[in-house]
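No experiment lies behind these values; they were computed from the predicted model shown. Keep in mind that the numbers below use all heavy atoms, side chains included, and drop hydrogens, waters and symmetry copies. Sequence lines set the chain letters: A, B, ... in the order given, protein chains first and strands last, and positions in each chain run from 1.
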Amino acid sequence: MRPLNPEETLQKIKALAEEGLDPYVNAYRYEVTAKAEELKAKFSYLQPGEETEHRVSVAGRLWHVRRHGGITFMDLRDESGRIQLVVRRDIAERSERLSRTLKFLDKGDIVGAKGRVIRTKTGEISVLAEEIEILSIAWRPIPFHEFGVKDPEQRYRERYLDIMLNSRVRGAIVGLYKVEREMRRILDEKGFIEVHTPKLQPIYGGALAKPFVTKINALDRTVYLSIAPETYLKRLVVAGLFKVYEIAVSFRNEDIDATHYPEFVQLEAYQAFADWEDMMSLGEELIAEAVRALYGSYRVEREDGTVLDFSRPWPRVNMVEAIEEALKTRVRDMSREELEELAGRLGVEARDPRAGKIMEKIFEKVAMPRLRNPTFVTMFPRDISPLARPSRQDPRFAERFELYIAGLEVANGYSELNNPVLQYYFFKEEEELRKALEAESHPMDRDYVRALEYGLPPTGGIGIGLYRLMMAITGLPSIKDVIPFTITSPENIELVSESLQELAHRYL
RNA sequence: GGGCCCGUAGCUCAGCCUGGCAGAGCGGCGGGCUUUUAACCCGUAGGUCCCGGGUUCGAAUCCCGGCGGGCCCGCCA
């Protein structure tokens, strides 16, 4: 690997160019015929020392270079895994280009290699290289090996290094893709339509959060980045798309912590003629099958040793009952004042005009931390659920649930409120609330109520926080770990290239 | 918004409490080596101790301010 030293880098580049090996001149494409892990599986039958005539070409980044004088071993990493390249002196002596190239190879470089598949004397399935091309150069030292990048600042500033070196982070990013693919497959099979709803919205809604405010120049109009796709998806149900979903990026202008980030991805699905129970079942299926697609099992053993069991069905616990069981106290008929007093005794800060908000806080304090395996918490207070349908059993509560996994709130869903009179009434309530305190409230959305006036079928909906889900199943401690790139404050970046501008003319 | 902690070589970190030559391992560079797996052996270079100010004969170390980062609490998923 090269030192972070422009002068030495310059000498290397010049020397490469003189030998006709400059990859910025030579290497525009490379024919790849095999992947590392596929080769190791396919040739696992080889005995130590056995060689084949099977010629392959592989490409990737050099991970280790072990030079032994007459023989060199290199580990090449591609997107499937690692495979060893072997360069023997007797072969290199027959190819001047190979022996010249070999001198320049450095840990971190991107190379392509052609050769025969063998198993070495010590048992490693390898490509015995006959040709090697330098395809790109690592100008900067990459912090390889056992240490990797630990400095949290460098991890986030140079995230490509963290993703390159940290297999858990890479696994979470690839894992999210597999989760989304499996969820799409299931929803497609059930006849759901995938759509995109506006990210630029004149009225934000579908959740209670501060929005990002921006402007459409063409219309000279203030708009908000979507905090949730919910109200648009339900407009589509009104329109007759009775099974509809979106994997939506949502933006909320709130603080960043271990479980919150201002932009995040959620899958929201709506199904006409279904209620909250159906949506719990759908959520179970989507998540359990995604986990199985990822790990081949409904049981996940996490890095920290804990095991999560996604076998269905998952427990469904009533919020009030969960609190009462934890506290051994009857809370279901408590007034707002009594709840506030209880919260005070529990050390829960809850000054809010809504009794339901205080109830939720108490729940999060006393009952939520106990929930490890996937558990639905049901019957959320009605006054903190302005888009949900009141319970057919007790109108103080909504037919609303949240899903908790490993102490994280991962999903939220309900029987959708389809009564326009009640929806308008709840929006008015929210407006009053906004005046009464600084807390976020749902803005009045007259167009949404108008849509309901055309008739929304009885509908169930669910939103699944996909980053939270990845945190839960990987055990990674911060939501930033599962997001490919997060924002960092500005820095002065020193570039090798800036001091080597004299090279630019070579390539034009 | 409140509190706690961190910043030393390319990477991982020690040194700081109790002020006295800037350190280790890995990596780099040079040499050797035809079966290694973080190869090994010999040699060697490499520093804005985050920045600024103060105390002191003397500051990586103590004090003040700033910058960058992390964690916890409050609020939003």
Counting only heavy atoms not in Y224(A), do more than 12 sit closer than 6.0 Å to its OH atom?
no
Using a cut-off of 6.0 Å, state whether more than 12 heavy atoms not belonging to R389(A) lie near its atom CZ.
no
Separation of [N] [atom2] from [X] [atom1] (nearest whole Å):
X: R66(A); N: G32(B); atom1: CZ; atom2: P; answer: 20 Å
X: L85(A); N: A39(B); atom1: CG; atom2: P; answer: 14 Å
X: E153(A); N: C71(B); atom1: CD; atom2: P; answer: 13 Å
X: I125(A); N: U36(B); atom1: CD1; atom2: P; answer: 17 Å
X: I71(A); N: U36(B); atom1: CD1; atom2: C1'; answer: 8 Å
X: R155(A); N: U12(B); atom1: CZ; atom2: P; answer: 11 Å
X: H68(A); N: U36(B); atom1: NE2; atom2: C1'; answer: 4 Å
X: K480(A); N: G70(B); atom1: NZ; atom2: P; answer: 4 Å

Compare every heavy atom of R302(A) with every heavy atom of A472(A), then report the nearest pair and how far apart it is.
O-NH1, 2.8 Å
Heavy-atom donor-acceptor pair, T72(A) side-chain to U34(B) base, under 3.5 Å:
no
Do E124(A) side-chain and U35(B) base share a donor-acceptor contact under 3.5 Å?
no
Between U36(B) and Q84(A), is there an OP1 or OP2 to side-chain N/O distance shorter than 4.0 Å?
no
Listed pairs under 3.5 Å, donor-acceptor, residues 371-381 of chain A side chains, sequence neighbours left out:
unit_1: N373(A); atom_1: OD1; unit_2: D309(A); atom_2: N; d: 2.8
unit_1: T375(A); atom_1: OG1; unit_2: N373(A); atom_2: O; d: 2.8
unit_1: T378(A); atom_1: OG1; unit_2: V317(A); atom_2: O; d: 3.4

Report which part of the nucleic acid [X] touches: base, sugar-phosphate, or nothing (heavy-atom distance under 4.0 Å, all strands).
X: T120(A); result: base
X: E409(A); result: sugar-phosphate
X: Q266(A); result: nothing
X: R157(A); result: sugar-phosphate
X: Y261(A); result: base

Regarding R382(A) and the six-membered ring of F426(A), is the cationic atom NZ or CZ under 6.0 Å from the ring centre and inside 45° of its axis?
yes
Once you measure the plane-to-plane angle for F427(A) and Y448(A), does it fall in the parallel (<30°), tilted (30-60°) or perpendicular (>60°) bin?
tilted
With salt bridge (Lys or Arg N to Asp or Glu O under 4.0 Å) as the test, would you mind laying out the steps for E153(A) and R157(A) before giving the verdict?
CA-CA 6 Å; E153(A) 183 171 350; R157(A) 284 199 187 281; 3.0 Å; yes
Would you please determine if the base of A38(B) is stacked by H64(A), with stacking meaning a centroid separation under 5.5 angstrom and planes under 30 degrees?
no
Could you give me the CA-CA distance, side-chain angles and deciding distance for R66(A) and D75(A), then say whether salt bridge (Lys or Arg N to Asp or Glu O under 4.0 Å) is met?
CA-CA 9 Å; R66(A) 299 180 288 277; D75(A) 293 337; 3.1 Å; yes
In the structure shown, which nucleotide is the Watson-Crick or G-U wobble counterpart of G25(B), with both distances under 3.5 Å?
C11(B)
With both distances kept under 3.5 Å, what pairs with G19(B), Watson-Crick or G-U wobble?
none
Tabulate protein N/O versus nucleotide N/O from nucleotides 72-76 of chain B, keeping only pairs under 3.5 Å, one per line.
unit_1: G74(B); atom_1: N1; unit_2: D255(A); atom_2: OD2; d: 3.2
unit_1: C75(B); atom_1: OP1; unit_2: E349(A); atom_2: O; d: 3.3
unit_1: C75(B); atom_1: OP2; unit_2: K361(A); atom_2: NZ; d: 3.3
unit_1: C75(B); atom_1: N4; unit_2: D257(A); atom_2: OD2; d: 3.2
unit_1: C76(B); atom_1: OP1; unit_2: K357(A); atom_2: NZ; d: 2.4
unit_1: C76(B); atom_1: OP2; unit_2: K361(A); atom_2: NZ; d: 3.3
unit_1: C76(B); atom_1: O3'; unit_2: L208(A); atom_2: O; d: 3.1
unit_1: C76(B); atom_1: O2'; unit_2: L208(A); atom_2: O; d: 3.4
unit_1: C76(B); atom_1: N3; unit_2: H260(A); atom_2: ND1; d: 3.3
unit_1: C76(B); atom_1: N3; unit_2: H260(A); atom_2: NE2; d: 3.0
unit_1: C76(B); atom_1: N4; unit_2: D257(A); atom_2: OD2; d: 3.1
unit_1: C76(B); atom_1: N4; unit_2: H260(A); atom_2: ND1; d: 2.7
unit_1: C76(B); atom_1: N4; unit_2: H260(A); atom_2: NE2; d: 2.9

Looking only at the side chains, is there a donor atom on one of S99(A) and R94(A) sitting less than 3.5 Å from an acceptor on the other?
no
Determine whether the side chains of Q266(A) and S250(A) contain a donor N or O and an acceptor N or O closer than 3.5 Å.
yes
Sort me out a list of protein N/O and nucleotides 42-51 of chain B N/O pairs below 3.5 Å, or just none if empty.
none

Given that V65(A) and P262(A) both sit by RNA chain B, which one's nearest nucleotide is further toward the 5' end?
V65(A)
